[in-house]
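Worksheet: the structure to be examined is printed underneath.
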2 protein chains.
Amino acid sequence: MAVNSPLPIASELKPVAGIEIGFAEAGIKKPNRKDVLVMKLAPSATVAGVFTLNRFCAAPVQIAKAHLAAAKDSGKPIAALLVNTGNANAGTGELGLSLANETCAALAAQLGVDAAQILPFSTGVILEPLPAAKVIAGLPQAVAGLKADNWYNAAEAIMTTDTQPKAGSRTVTIGGHSVTMTGISKGAGMIKPNMATMLGYLALDAKVAQPVLDQLVKHAANHSFNCITIDGDTSTNDSFMLIATGAGALEITSVEQPEYAQLRDAVTELSLFLAQAIVRDGEGATKFMSIVVEEGASVEECRKIAYSIGHSPLVKTAFFASDPNLGRILAAIGYAGVDDLDVSKLNLYLDDVWVAKNGGRNPDYKEEDGQRVMQQAEITVRVKLARGAASATVYTCDLSHDYVSINADYRS
Amino acid sequence: MAVNSPLPIASELKPVAGIEIGFAEAGIKKPNRKDVLVMKLAPSATVAGVFTLNRFCAAPVQIAKAHLAAAKDSGKPIAALLVNTGNANAGTGELGLSLANETCAALAAQLGVDAAQILPFSTGVILEPLPAAKVIAGLPQAVAGLKADNWYNAAEAIMTTDTQPKAGSRTVTIGGHSVTMTGISKGAGMIKPNMATMLGYLALDAKVAQPVLDQLVKHAANHSFNCITIDGDTSTNDSFMLIATGAGALEITSVEQPEYAQLRDAVTELSLFLAQAIVRDGEGATKFMSIVVEEGASVEECRKIAYSIGHSPLVKTAFFASDPNLGRILAAIGYAGVDDLDVSKLNLYLDDVWVAKNGGRNPDYKEEDGQRVMQQAEITVRVKLARGAASATVYTCDLSHDYVSINADYRS
């Protein structure tokens, strides 16, 4: 049960000129399930991405990074993205690289491009060999079905333990030109920066120079996918890809161009929507929490504290129980690793309720006020450190019985 | 249900000459429950402790630290320890300090000593005022009942969500002298170094000089209570106290003395037993896991990786399910923050089963072998980094439905 996360409506997901989408039911882990996705790009497209920092990064992540770098050197643009679910191709060593390369080569042959022009992505179980033959067998179906108006299917095709597809579109006018952007994401568990989403893809129809796009994707990720956590586990496969197809009229060649900031903010807003959708549909989630830490000496220390709260199993189970056992939040602040924190100046709020004042219980705090807020499906935890002007926000969900059930049963 | 943790047998818990124990049912949170403990020490006793590093450390922790320091300066030894459950007196600001001081003063008056000779400890709910009047009202009962042979009751009196008391005794011969030592601990949730146990007390009847005891308690904690984790939450109240009553014949005045190493090893062994008992009785625990990381470049990086595995909710739920979804362990290694880790040299074992070889799935690994080990109640996860000679071990438990139930219901 996702928290306040409306299902995307297929008719409201806008095609983005310059990108076509096809999918297949390749039976990678289970039959009768979309599990292979192909996104074919116009030759005018630029692509930029951010990837997991996990040292056990999956074979497809290693290859996608190499192919992105090669495209810059060779001038041969990225031609397509290939995604499979059901197997992460991670912890698979040399064999995993070889199998991922085979899938790239197979798609490249069908599209008449080089293998290095394909970006591969995988999500699913770790430490099991990729059934590359199944992926490859699904490609003709996916390629035959390529069409622009296929984003809802794309969102479904990348789901694993997600309970619902995640997608959104925006149309904005920038510099007198209309820009259409559509994105999809999947997550559910093993969600923490850096990166956060298991997989996220956002396409827009402006023409954006590669160095600009490289900067834009980092900004968008840092303000969206890198601000969420479900269980503190950073996946081996996390990737967020930003695609500028170049099919529209807007062209951005420099971050100094006034239109850049507008595009950046629009992309970031949609990215945040997609990232929050992952938290709302976190495994077993029944509550959506925004952890806001303000008045810090640095953004870094604010993020440390916000993540410490957002990761604490004790905090998360209290939210699941709608129990204002708010001392657990203070404990999580205290062990966040901000060594010179003076807790005697700290204030804590739960929505509009002032819970802790100068490090102790606010004398005016009433249990029933905390109880009232804890009943809500969406709650903001606000911590004021009285140390400076920096702030950070992290989005997370509660820890429920269903989280345990889902992750105890995931492979069965 | 604790994992392979036999109940202590009252008759096997040995009195330690120089320490008497009394308790009361003071109704702090619930009626008919031992919730106040007094441990009265002989004037010859020395006391040393290690405490939580949580910045929100509780009022009693702040006072216990101050009183330990004052005892060294004044030469007036610590006369008694006072423990209450049902309320942590943490996140309680100036009022919390004042209430904790009141309880110390009340016990001091009854024992005819100074308030600064009392060490206070509390465990329970955070952010609620200590019902000091109830604690104080329970003191006469506790003092009247003081006796040497009361360790089982002591172990029961400090329980919160523990399902069973934790205690052990040892008798060792060092330098021709018999030394008796008995310890108790409590834990259950919010367990991670530094510190780990919510509360641990270990008394022995040797005479140990203060500087020696200060060093000994750190060594013992680092090799026991600081090697366990249940949920990664570091409490506001964690304390481990080592008491040398001075009532026995052995005297240690320097760490250079040959007897020191023998005493250190004996104390550390009993401390580890008490610490592991906390993990075995971790909230909802059904499995006991030893995470051994070897061949590291430093102990620190081995601990980082061991804790990353031990904290991962995905790893812990897989163990709960007896599901050899072992890629989750690789993922946890990968995001442990050892930035230059070369995963292509890494090997992973589950007990005697070689799971991952050179960073990928061991070609000889069979799922049924992993499955066999995962069915056990006790499992060793062994990671070999191929980077050096350092190693570290962390003890943890799985994450079950009952963990969520216990922590969602704790206050109700």
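By convention in this document, chain letters (A, B, ...) are assigned in the order of the sequence lines, proteins followed by strands, and residues within each chain are numbered from 1. Keep in mind that this is a model prediction, so the values were computed, not measured.
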| query | If you tally heavy-atom pairs under 4.5 Å against chain A, which of B:Asp339, B:Asn358, B:Ile333, B:Leu95 wins? | reply | B:Asp339
Identify which part of [X] has an atom lying under 4.5 Å from any heavy atom of chain A, answering side chain, backbone, both or neither.
| X | value |
| --- | --- |
| B:Ser322 | neither |
| B:Leu346 | side chain |
| B:Val355 | side chain |

Do you know which two heavy atoms are closest between [X] and [Y], and how far apart they sit?
| X | Y | answer |
| --- | --- | --- |
| B:Val125 | A:Asn325 | CG1-OD1, 4.2 Å |
| B:Leu330 | A:Phe56 | O-CD1, 3.1 Å |
| B:Leu127 | A:Ala356 | CD1-CB, 4.5 Å |

| field | B:Asp364: side-chain contact (heavy atoms from CB on, under 4.5 Å) partners, not counting sequence neighbours | value | B:Asn362
| message | Looking at A:Glu94, I want to see if its CD is surrounded by more than 12 non-hydrogen atoms of other residues, nucleotides or ligands under 6.0 Å. | response | no
| Any idea which of A:Gly96, A:Gly93, A:Gly334 has the most non-hydrogen atom pairs under 4.5 angstrom with chain B? | A:Gly334
| Taking every heavy-atom pair that is under 4.5 Å apart, which of A:Ala90, A:Gly337, A:Ser400 has the most such pairs with chain B? | A:Ser400
| said: Please classify the contact between A:Thr92 and chain B as side chain, backbone, both or neither, with a heavy-atom cut-off of under 4.5 Å. | reply: backbone
| Would you say A:Arg361's side chain and B:Gly91's backbone share a donor-acceptor pair under 3.5 angstrom? | no
| Side-chain donor/acceptor of B:Arg55 to backbone N/O of A:Asp342, under 3.5 Å | no
| said: With rounding to the nearest 0.5 angstrom, report the CG to CD1 distance, B:Leu314 to A:Ile126. | reply: 8.5 Å
